Amino acid sequence: MEKKRTKVSYWRKSIFRKIALIFLPFVLLADGLILGVEYKITYDSTEKNAVENLEHAAEFAAETGTAYSFIPETDDVTGYSGFLDYLCRAFGLTYGYVLDVNEQEKSIQYRAIGFGNDAVPEAKTERTPGVVVEDALDDAMVSVFHGEAKFGVYKENNRFGETLCIYILLDKVYDHEADQLVARKEPLVIGLEQSFTDLMRSFRRNFSGLVLLTVFLNIALVFIVSFITYRMISRPVRRISRRMTSFVEDQSKEFHPLPVKGDDEFAEMSSSFNTMAKNIDAYLENIKDLNKQKHTHDVEMDIAGTIQFGLLPKPHFQTEAGQIDAYMFPAKDVGGDLYDYLILEDGRVFLSVADVSGKGVTAALFMSRAITLLHLYAKFGFSPARILEEFNNTLAEQNPERLFITTFAAIFDPKTGILTYSNGGHNPPYLLSDRLIPLKDAGGMAAGIFPDQEYEEATITMQEGDCLFLFTDGVNEARNQEGQFYTTEKLEEVLSGHLGMAGQDVINSIRESLSAFAGEAEQSDDITMLTFRSSVKPKAAEREHFHRKLHLPAEEKQLTLINSALREVPGMTDRRMMEIRMMAEECFVNICSYAYPEGNGYVDLSIDAGEQLVLTFTDNGVPFDPTREVQDIDEYDPLNTIGGVGRFLTFELADQYSYEYRDGKNVLRLIKNLTNEE
């Protein structure tokens with residue numbers, strides 16, 4: 001009887017009981033919230049997936065019907081029913097059909113129809129090719145038929161149930177002989193439907209499963225937490241409390257006790273601690289735990305530094321194109337600098353140096369991602385400017401710490417001796433030739449903050465024995481004990497005294513100069529240097545023919561795609577590229593502004609480059625000859641004349657130009673010689 005009373009008393013006083021009583025309402029509240037959130041997420045996800053599925057099916061139907069002419073140019077399109085059946089099965093749809101729209105009578109006629117597995121029998125008998133449905137024309141169908149809306153998912157109620165539906169206008173077919181899209185004589189409308197009733201039935205089935213799973217998991221969680229609380233808190237604390245009480249029973253030294261409130265296990269521990277605390281000073285001398293933690297931290301940082309250096313290529317590499325030497329020393333155990341090089345499949349050499357904003361582990365993690373991306377885009381064969389564009393966009397997508405990285409990227413072609421480079425906010429490097437040449441052009445923003453940035457490119461020819469020197473700002477911004485900077489001028493002075501020397505000798509000289517300057521001052525920033533010394537004699541590059549064809553909406557925002565295509569033209573100087581981009585922009589903007597008064601037009605641009613660059617603009621807009629009545633700049637009156645300067649500059653920059661109106665299309669051709677530049 002006494003033993004039973006003791007257990008009841010323990011349960012009444014136990015902290016385990018208090019935790020259980022406090023925890024239970026929160027579990028019930030959490031259950032309600034979780035189920036509510038799960039209901040919302042499951043419902044939204046089900047509806048969103050259905051809408052996206054309809055949109056994908058609509059795009060597939062539109063592209064297939066247009067590009068491959070599954071609907072022939074005849075009145076009989078019933079053969080398309082087989083494709084609609086396939087479309088319903090492939091995308092899990094209920095109905096798919098082709099309609100003739102009669103706006104005057106507000107009726108529709110089924111021309112072809114396909115059924116899914118959940119189609120109702122009445123629909124299969126009433127929705128057949130040739131059936132006309134009066135007063136069935138709704139606003140959604142009319143807007144699609146007039147081309148006012150491309151896609152749009154709508155919820156409809158009809159005698160076959162509640163459905164999600166989408167309409168697509170099929171107004172063009174692919175003319176294989178002309179190799180182009182042509183307008184249909186009689187536009188058709190494709191309709192696709194997904195049974196909303198079946199969708200909700202699936203939703204309820206899925207949500208019921210989630211409810212059962214949630215209830216089961218919460219019940220399991222309650223038992224697990226209760227068991228853990230009892231095993232890890234209540235029972236151990238009670239055991240410790242009893243031992244502490246037994247240990248201090250004979251202690252009588254004066255001590256200001258901690259207040260003891262309540263009658264649970266923690267109260268008992270406090271009571272025991274009041275006596276044991278008198279001896280706490282003796283235990284403070286034991287700092288083994290702190291030493292162990294510090295040692296563990298040092299080991300972890302050493303491992304992080306080893307991993308970081310493992311990502312970098314080896315510091316010395318000899319290739320047929322030349323000798324590569326590198327040096328990196330972080331200011332802390334890990335740093336944010338990087339250098340990289342890669343021998344591409346065609347024998348070209350990719351070189352890069354970058355500097356992440358910030359220091360320590362965060363910068364090192366950002367650096368590891370950056371070097372992986374640079375290596376990847378270089379392997380893709382991208383130009384330096386394209387590498388920095390893709391590099392910047394990828395980093396900017398996921399950059400919660402808002403770090404940025406300055407980057408210099410270059411590609412050396414041993415066949416021609418030409419070094420092509422682009423700079424994203426980094427220190428301009430130097431070419432050690434017969435004189436010291438800073439590579440200050442081809443600028444751009446640091447990567448990682450703002451997406452969709454453009455980067456310039458420049459080229460320079462390296463002679464045999466020329467040495468390219470890349471570095472980070474840890475070199476020119478190194479400080480001595482007085483806080484003074486090493487400066488760029490000091491760096492240039494040392495480099496100028498080592499023209500014609502091997503790359504490793506140049507690096508060693510800079511290191512010795514930095515060491516003498518800094519003295520005992522602590523290193524404030526990571527120091528990274530990379531050199532490439534050419535061992536090939538340059539020769540003239542053979543110009544390869546370049547061709548690119550673009551089919552673009554007549555929208556000024558498409559200029560970005562045009563500029564990207566022009567940057568791919570090989571062997572272009574900055575000045576020549578600026579002139580050509582100015583010509584292309586003026587012509588394209590004029591077409592966008594005036595060729596299509598009602599909008600929805602397209603422009604075909606053909607880019608051909610060899611000894612000459614030929615830009616051919618083709619549009620089917622309002623006929624207009626831009627080469628006629630071009631006003632001379634000396635006769636231009638800015639106060640009384642609107643426009644004209646752009647056309648004058650375009651045709652002044654072009655070496656040749658011509659215009660013709662052929663087959664209902666405006667064709668403007670501009671020619672620019674690439675063989676010489678005055």
Side-chain angles (χ1 to χ4, degrees), residues 312-318 321-332 335-341 349 351-356 359 406-410 412 419 421 423-443 458 460-535:
L312 302 174
K314 55 187 179 181
H316 306 289
F317 186 78
Q318 178 69 51
Q323 173 70 37
I324 300 173
D325 295 285
Y327 170 79
M328 190 183 85
F329 192 80
K332 298 182 178 180
D337 280 7
L338 69 89
Y339 69 83
D340 190 23
Y341 61 82
V349 182
L351 303 161
S352 181
V353 164
D355 184 3
V356 180
K359 305 290 183 295
T406 63
T407 312
F408 181 89
F412 176 74
L419 180 77
Y421 59 91
N423 194 335
H426 198 72
N427 304 78
Y430 294 91
L431 182 66
L432 282 68
S433 185
D434 55 348
R435 57 190 174 89
L436 188 65
I437 305 174
L439 306 183
K440 293 185 177 180
D441 45 7
I460 190 170
T461 301
M462 293 183 65
Q463 304 297 325
E464 182 179 12
D466 284 359
C467 182
L468 178 67
F469 177 76
L470 312 178
F471 66 101
T472 61
D473 58 9
V475 176
N476 60 313
E477 294 182 3
R479 296 187 182 187
N480 59 15
Q481 291 175 295
E482 288 74 32
Q484 298 171 328
F485 289 106
Y486 184 75
T487 73
T488 301
E489 291 75 14
K490 178 66 175 177
L491 174 63
E492 292 179 350
E493 179 183 345
V494 176
L495 291 175
S496 298
H498 293 80
L499 302 179
M501 295 184 64
Q504 186 59 51
D505 293 336
V506 174
I507 291 176
N508 291 339
S509 298
I510 299 297
R511 290 179 58 188
E512 292 173 1
S513 178
L514 285 173
S515 178
F517 172 80
E520 298 297 326
E522 182 181 358
Q523 183 178 331
S524 59
D525 200 357
D526 307 328
I527 295 176
T528 301
M529 293 178 279
L530 176 71
T531 63
F532 171 71
R533 192 168 190 265
S534 173
S535 60

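For clarity, every value in this text was computed on a predicted model and none was experimentally measured.
Inter-residue side-chain proximity for Asp526 and Met328 is flagged as unmet; no heavy-atom pair is nearer than 4.5 Å. Considering only heavy atoms from C-beta on, Ile527 stays 4.5 Å or farther from Ile510 through its side chain. For the pair Leu338/Thr472, no side-chain contact is recorded, criterion being any heavy-atom separation below 4.5 Å from C-beta on. A heavy-atom distance below 4.5 Å is not found between the side chains of Phe517 and Lys490. Pro330 has its side chain out of reach of Asp337: every pair of non-hydrogen atoms, C-beta onward, lies at least 4.5 Å apart.
Expressed to the nearest 0.5 Å, how far CE of Met529 lies from CG of Leu514 amounts to 6.0 Å. Interatomic distance, OG1 of Thr461 versus CG of Leu419, reported as 9.0 Å (0.5 Å rounding). In this structure, the separation between CG on Asp340 and OG1 on Thr407 is 11.0 Å, given to the nearest 0.5 Å.
When all heavy atoms are compared, the tightest approach of His498 to Ser509 is NE2-OG, 2.8 Å. Closest non-hydrogen pair, Pro429 versus Leu470, comes out as CB-CD2, 3.3 Å. The minimum heavy-atom distance between Ala321 and Phe532, with the atom names listed, is O-CZ, 3.7 Å. A pairwise comparison of heavy atoms in Leu495 and Val506 identifies CD2-CG1, 3.7 Å as the closest pair. Considering all non-hydrogen atoms of both residues, Gly503 and Thr531 come closest at CA-OG1, 3.2 Å. Between Gln481 and Glu520, the shortest heavy-atom distance links the atoms NE2-CB, 3.3 Å.
Shown here are the side-chain contact (heavy atoms from CB on, under 4.5 Å) partners of Pro438, two or more places apart in sequence or in another chain: Tyr430, Lys440. For Phe469, the ring-ring contact (aromatic ring centres under 6.0 Å, His included) criterion is met by Phe471, not counting sequence neighbours. Partners of Asp466 by side-chain contact (heavy atoms from CB on, under 4.5 Å), not counting sequence neighbours, listed by chain and number: Leu431, Ser433, Met462, Gln463. For Glu477, the side-chain contact (heavy atoms from CB on, under 4.5 Å) test picks out Asp473, Phe485, with sequence neighbours left out. For Glu464, the side-chain contact (heavy atoms from CB on, under 4.5 Å) test picks out Lys537, with sequence neighbours left out.
Remark: of the listed residues Leu530, Leu432, Leu351, Ile437, Leu351 is the sole one forming a side-chain contact (heavy atoms from CB on, under 4.5 Å) with Leu468.
Although no hydrogens or angles enter the test, the distance criterion places no donor-acceptor pair under 3.5 Å between the side chain of Arg435 and the main chain of Leu499. Formation of a donor-acceptor pair under 3.5 Å by the Arg533 side chain with backbone atoms of Met501 is found in this model. Side chain of Tyr341 to backbone of Lys314: a donor-acceptor contact under 3.5 angstrom is found. Thr406 places no side-chain N or O within 3.5 Å of a backbone atom of His426 that could act as its donor or acceptor partner.
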Next on the checklist: Between Asp355 and Asn427, does the side chain to side chain contact (heavy atoms under 4.5 Å, CB included) criterion hold? Intermediate values first, please.
Outcome noted: CA-CA 10 Å; Asp355 184 3; Asn427 304 78; 5.8 Å; no

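Environment of CD in Glu522: sparse, with no more than 12 heavy atoms of neighbouring residues, nucleotides or ligands closer than 6.0 Å.
For the side-chain hydrogen bond (donor to acceptor under 3.5 Å, both in side chains) condition, the pairs that include at least one residue of residues 510-519, sequence neighbours left out, are Tyr486-Ser513.
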